[in-house]
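Please read these numbers as outputs of a predicted model, since none were measured by experiment. Letters go in sequence order (proteins before strands), and every chain restarts at 1.
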Amino acid sequence: MRNSTFTGLPPMHLAVGGLVLGLVLTAILLIFCVAPTEATMGDVQRIVYLHISVAWCGLLGCLGMGACGALYVARRNLDWDHRSQAAAEVGWLCATLTLVTGSLWAHEAWGVWWTWEPRLTASLVLWLIFAGIFLVRAGINEPHRRARIGAVLAILGLGDLPLVVMATRWFRGVHPVSPEMDQQMRLILLAAVVSFTVLFAFLAWQRQRQLGLAEQVAELESHADAV
Amino acid sequence: METLVAAYLAAGVVVSTYATWMALQNHRLARRLAELQALPPEQASDRPAHIQAA
């Protein structure tokens with residue numbers, strides 16, 4: 001397939017990327033122009049659509065990282081490690097945005113930027129798990145060794161997922177169990193979650209493809225140096 | 001309102017920075033791959049089969 005000159009991406013991939021961007025922009029338009037204004041918090045409540053979407057994607061990223069890591073351990077195919085790493089990167093981005101948007105909303109709702117309540121703490125731990133895995137992987141040069149250790153850490157990192165999800169039910173804290181929303185708000189929330197999931201899935205797909213390309217280049221370079 | 005805009009701007013900046021970084025990486029890798037695949041035959045014969053076929 002012929003690639004685009006600058007990005008090295010096939011035209012079909014660029015077209016899909018354009019569609020994904022259009023989907024996200026439509027969701028943002030719905031959030032700002034169609035979603036009703038919430039009675040208590042006013043316009044700032046619209047952060048919740050973004051916050052829930054990226055939080056969901058962060059959890060999906062962690063799940064993808066662990067699942068692909070487990071598949072690498074089972075099959076010893078580096079493609080699974082690339083998928084795991086791509087999911088981890090996108091998951092970490094989403095975890096970062098979750099903390100940032102949550103903090104902005106918390107300042108408006110509770111008057112504080114941060115509080116050590118269960119869900120927030122578990123979410124911070126998730127962010128630290130991602131960051132820790134990146135640091136460990138960066139220190140290992142050999143691809144299969146890096147994949148093996150990364151996979152073990154990714155599988156262990158899955159342990160935080162139930163804590164993040166169930167923290168509001170298992171422990172007492174100030175984070176809402178579920179947002180109070182009418183039917184129209186819930187539909188727009190669903191649209192936002194779907195569109196951001198598609199966006200981050202697209203980014204993870206492209207990153208995984210790029211990691212495979214980088215491995216190809218590294219192999220060719222090592223053979224060229226050997227000659 | 002500023003808080004709301006700041007939240008969506010932060011998300012936009014983060015995502016577009018990551019996407020731009022990936023695009024630049026792709027550009028660099030595609031160029032490097034083209035250079036390596038244009039190597040003379042005596043160097044090409046040492047390439048693994050799955051890369052020769054790529």
- request: Assess whether atom CH2 of A:W205 is packed by more than 12 heavy atoms of other residues, nucleotides or ligands within 6.0 Å.
  value: yes
field: Partner of B:R32 under side chain to side chain contact (heavy atoms under 4.5 Å, CB included), chosen from A:L220, A:V217, A:L213
entry: A:V217
- prompt: For A:L97 and B:A11, which heavy atoms make the closest approach, and how far apart are they?
  reply: CD2-CA, 3.5 Å
Distance, nearest 0.5 Å, that separates CG of A:L211 from CD of B:Q25: 9.0 Å
message: If you count heavy atoms of other groups shown closer than 6.0 angstrom to CD of A:E180, is the number above 12?
response: no
message: If you compare all heavy atoms of A:V100 against all heavy atoms of B:A10, which two are closest, and at what distance to 0.1 Å?
response: CG1-CB, 4.4 Å
message: Need one label for A:Q206: side chain, backbone, both or neither, based on atoms under 4.5 Å from any heavy atom in chain B.
response: both
message: Tell me if the CD atom of B:E2 is crowded by more than 12 foreign heavy atoms within 6.0 Å.
response: no
message: Using side-chain heavy atoms (C-beta onward) and a distance below 4.5 Å, is B:V15 in contact with A:L203?
response: yes
statement: Assert top hit (heavy-atom pairs under 4.5 Å, partner chain B, pool A:L199, A:T96, A:L93) equals A:L93
message: How long is the straight-line distance from CZ of A:R46 back to OG1 of B:T3, given to the nearest 0.5 Å?
response: 14.0 Å
- request: Heavy atoms only: give me the nearest A:T101-B:A7 pair and the separation to one decimal.
  value: CG2-CB, 4.2 Å
message: Is A:E221 in contact with chain B via its backbone, its side chain, both, or neither, using a 4.5 Å heavy-atom distance?
response: both
field: Interatomic distance, A:E219 atom CD to B:L36 atom CG [nearest 0.5 angstrom]
entry: 11.5 Å
- request: Look at A:V54, A:I31, A:V24, A:I28 and state which one has the largest set of heavy-atom pairs under 4.5 Å with chain B.
  value: A:I31
query: What distance separates A:R207 CZ from B:N26 CG, expressed to the nearest 0.5 Å?
result: 9.0 Å
message: Using a 4.5 angstrom heavy-atom cutoff, name the option from A:L50, A:L104, A:V90 with the most pairs to chain B.
response: A:L50
query: Quick one: does B:Y8's side chain get under 4.5 Å of A:Y49's, heavy atoms only?
result: yes
